[in-house]
2 protein chains.
Amino acid sequence: MSNLIRDFNEVDRWDDEVDVLVVGLGAAGAAAALESSACGAETLILEQAGAGGGASAMSGGVIYLGGGTGLQKACGFEDSEEAMFDYLMASVGLGADRGKIRLYCESSLEHYDWLCQQGVPFKQTFYHGTSGEPPTDDGLVWSGAEQAKPFCDLARPAPRGHVPQIENQGGPMLMKKLCEAVDRSPARLAANHRCSALYQQPDGTIRGVAARTFGEERRILVRGGVILTTGGFVLNDKMLEEHAPLALRCNMRVAGTGDDGSGIQLGVAAGASTIHMSSISISLPITQPWGLKRGILINAQGQRFINEDSYYGRLGEASLLHNDGRSWLIVDDEIFEKPEHIDIIAAVGKSHEELEAELGLPEQSLTSTLATYNQYAEAGRDPFFNKRSEYLKPILKPPFGAFDCTTENALYAVFTLGGMRSDCDGRILDPLGDPIPGLFGAGRSTSGISVGGYSSGLSLGDGSLFGRRAGRMASKVE
Amino acid sequence: MSNLIRDFNEVDRWDDEVDVLVVGLGAAGAAAALESSACGAETLILEQAGAGGGASAMSGGVIYLGGGTGLQKACGFEDSEEAMFDYLMASVGLGADRGKIRLYCESSLEHYDWLCQQGVPFKQTFYHGTSGEPPTDDGLVWSGAEQAKPFCDLARPAPRGHVPQIENQGGPMLMKKLCEAVDRSPARLAANHRCSALYQQPDGTIRGVAARTFGEERRILVRGGVILTTGGFVLNDKMLEEHAPLALRCNMRVAGTGDDGSGIQLGVAAGASTIHMSSISISLPITQPWGLKRGILINAQGQRFINEDSYYGRLGEASLLHNDGRSWLIVDDEIFEKPEHIDIIAAVGKSHEELEAELGLPEQSLTSTLATYNQYAEAGRDPFFNKRSEYLKPILKPPFGAFDCTTENALYAVFTLGGMRSDCDGRILDPLGDPIPGLFGAGRSTSGISVGGYSSGLSLGDGSLFGRRAGRMASKVE
């Protein structure tokens, strides 16, 4: 038998006994524990670190919510459940779970209110000009590609990035508030406990866990359900190699210390199906400030490959997954300003030809791309990739420059999106789609809303929402 | 408990009892059964169809072998284990299993001899000008991108496609001979038997299977090992959606009736790890005859994206995975000839401009690409993608034509490459890399040599080689 699974019937004495056991105290785990406690289930949380937070507390804190939340209304934006649904269906990747997305959109207003009730503060103000966490304490931001083609034609755009109030990085504030709510709840927290194995009955039901703490092992009987909210696997090189090897080329892994795939491995050992394991979110934040969207992004053949005004997550996907992580942002003197996240200028030239040569590109590669682009930009059009006219400007004023957007030199921030297959109530499913009794999951240990195309805030969003649902369902189980 | 896994201890009476049970009689299953029988293990093969063959018998029959086989030598080609290893390491995709590839190359000579000993005939002649199965009964062909850049610079090229002797399609001949060998062996075949569940002991060991045959269920105790050689999952739409959704856009699924993922599902339910599940082989055979390699392949922006002289599997991957399955092969009157696998001419024009307009491309997209390409081709160079000079010819002679290579209208032949993680002896591994006792696999139910980039013959090759090793290992188990 796998070292991750043990025979339930071989345990004589249990060290503890609970209704619901939550593994991991990030946003998903906190949400699960808060709901299971609220349902009256005796709840224990195991957290391998000394305190809660996880990857959620390392994040920007953006939560993707919409449909007309209080915050959206306060900032003067109209939104609808349908528009949110249409945007997500168009943007989150092929093979997405339509049922989960529908429920996510339907529940969004209520979920925003619930977060407020837990004490998470959202300043009722909007910050323009960033794609993700704002440098201010404003509460609402654009956090996806809603305004860019083709999405703006498919769904009425609205900003849906909800950010807890604090300057610069909302993640710590989000988790501070959620952990405080957990502290106020009847749920118990066992910090410095790492779940090392699941106990399974001969009929397949998960009925307990083994946890390691300071070299000792404790065995905990679980009457209701075990909820795995252990995060993704971006820190596990072996798993990345087997599922998403290009992630290994990214120089920033967005993770807490727990994103080592351990929860997914526990689930797999118990017979769980995993899906979309190759999907990763890749941010390439090279168009901050947004004026840089007026540049053009080219590959190693000097060709454009995306509308540069799109969300930086889409730029990252296009560059890494489809252009070998070799790209450059071309600007002229008018566009030039200091990017927030690029340090290296790969080449400068007094003419298009000189820039092309400095970049080592074949003659007539970049120059030809620029000639065509400029001619259309002059007319306010981009028939190739449909960049919006406000970002179309002929690149004519010397000197010309190329910002280095290769994986070697630019910030590529990555995390994993694939995980265990779960249903809308957090039940973990086997290969036939049947639940594994007693086993639940939420957050990035499971496959969620995004299965390819990302928008900021989807992971905190689906982790906390489906975490809550898993908490309720697990506390119902006998 | 999953319907796929049952408690071994609940069975009172077994209908049959064997040392080794092989599930599926394709090339991998035949190889496994032949070796386990040869080791003296009482072997039973379950085949869900009325007779053996599986996807192997529907294939072109190409087997990727090298290092200086008898056939390569007879045809006057030099090859070495190192050259084969270097080519595979460079071409089969990121995250490949180096140990498996090394062993595959080391064992290639012996494996060729073994196939001959089983009665598989290889005519000692070479057929030039195709990438895959020849239209003749010749035995040796080019079956990958060995001669194209960048591979020809990384490893000395040699043709490694070994094809059983018969006109047009070697797969049926291969399986006829392997099934005859199985008939001669002591192994028993139970046709019309579908494996529906595995019996697992409380310690995790697989010790039996349930099989359905004509509405009845039979329970078979397995003393040694169960070997799953059930093929891939290209016929399972749900699994494709969850792992490789772009495969659903391909109009030809390369499969036997068994490639429904059932064996992978059995393994996963037993706690097996699956890897590289998003990897698919995609053939876009648009450059047959090879004279068409002188055309240029463009995407929806009129841009080239690959050296057109590469293997058609690489063309398919580049077109579907990186260019949205929207591509066209541009030719002039000199290059024009009837392709073997394209039926539709998307546009014709008397000039580059007219062809561009007919294709509905933006002005100066295709024309600009052609101008640059032609200028370099005239000089015998392709600094963009390094197509070899023998296929470089300016595209100048009207009329000009565009063959339709979109997923809507061209042949895209797909099959899955991902599957259970196995070691070099066919042991199926759990998430920690530990073997699941009693469970083995080979062929496309497992992840093999190719995890992304394909060459014809790798699946029959690794399926039969690692099938043999699994057969030997399973027969050793008590």
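Note that these values count all heavy atoms, side chains included, but never hydrogens, waters or copies made by symmetry. Lettering follows sequence order; numbering is per chain, from 1.
Contact of Glu363(A) with chain B is made through backbone and side chain together, with heavy-atom distances under 4.5 Å. With a threshold of 4.5 angstrom between heavy atoms, Ala272(A) approaches chain B through N, CA, C or O but not through any side-chain atom. With a threshold of 4.5 angstrom between heavy atoms, Ile264(B) does not approach chain A through any atom at all. Interface remark: Phe385(A) contributes side-chain atoms only to the contact with chain B (heavy atom separation under 4.5 Å). For Arg381(A), no part sits under 4.5 Å from any heavy atom of chain B, backbone or side chain. If you measure heavy-atom distances from Tyr376(B) to chain A, the contacts under 4.5 Å come from the side chain alone. The part of Leu321(A) that comes within reach of chain B is its backbone (N, CA, C, O), which places non-hydrogen atoms under 4.5 angstrom from that chain. For a residue to count as touching a neighbouring chain, one of its non-hydrogen atoms must lie under 4.5 Å from one of that chain's; by this rule Phe8(B) does not touch chain A.
When all heavy atoms of Asp7(A) and Pro202(B) are compared, the pair lying nearest together is OD2-CB, 3.4 Å. Smallest separation of non-hydrogen atoms from Ser368(A) and Ser368(B): OG-OG, 2.8 Å. Across all non-hydrogen atoms, the minimal contact from Pro431(A) to Ala269(B) is CG-N, 3.8 Å.
Once rounded to the nearest 0.5 Å, the distance linking CG of Leu94(A) with CZ of Arg249(B) reads 8.0 Å. Atom CD in Glu242(B) sits 8.0 Å away from atom OG in Ser447(A) (nearest 0.5 Å). Going from atom CG of Asn299(A) over to atom CZ of Phe384(B) covers 10.0 Å, rounded to the nearest 0.5 Å. The CD1 atom of Ile275(A) sits 11.0 Å away from the CE atom of Met239(B) when rounded to the nearest 0.5 Å. Summarising the geometry, atom CG belonging to Leu432(B) is positioned 12.0 Å from atom NZ belonging to Lys238(A); distances are rounded to the nearest 0.5 Å. His243(A) NE2 to Thr274(B) OG1: the interatomic distance, rounded to the nearest 0.5 Å, is 6.0 Å.
In terms of heavy-atom pairs under 4.5 angstrom with chain A, the leader among Met277(B), Gln265(B), Glu10(B), Gln375(B) is Gln265(B).
Put simply, the side chain of Gln303(A) gets close to the backbone of Arg304(B): a donor and an acceptor are under 3.5 Å apart.
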Item to complete: Determine, step by step, whether Asp430(A) and Leu4(B) satisfy the side chain to side chain contact (heavy atoms under 4.5 Å, CB included) criterion, reporting the C-alpha distance in whole Å, the side-chain angles of both residues, the deciding distance to 0.1 Å, and the verdict.
Response: CA-CA 9 Å; Asp430(A) 78 4; Leu4(B) 298 174; 5.6 Å; no

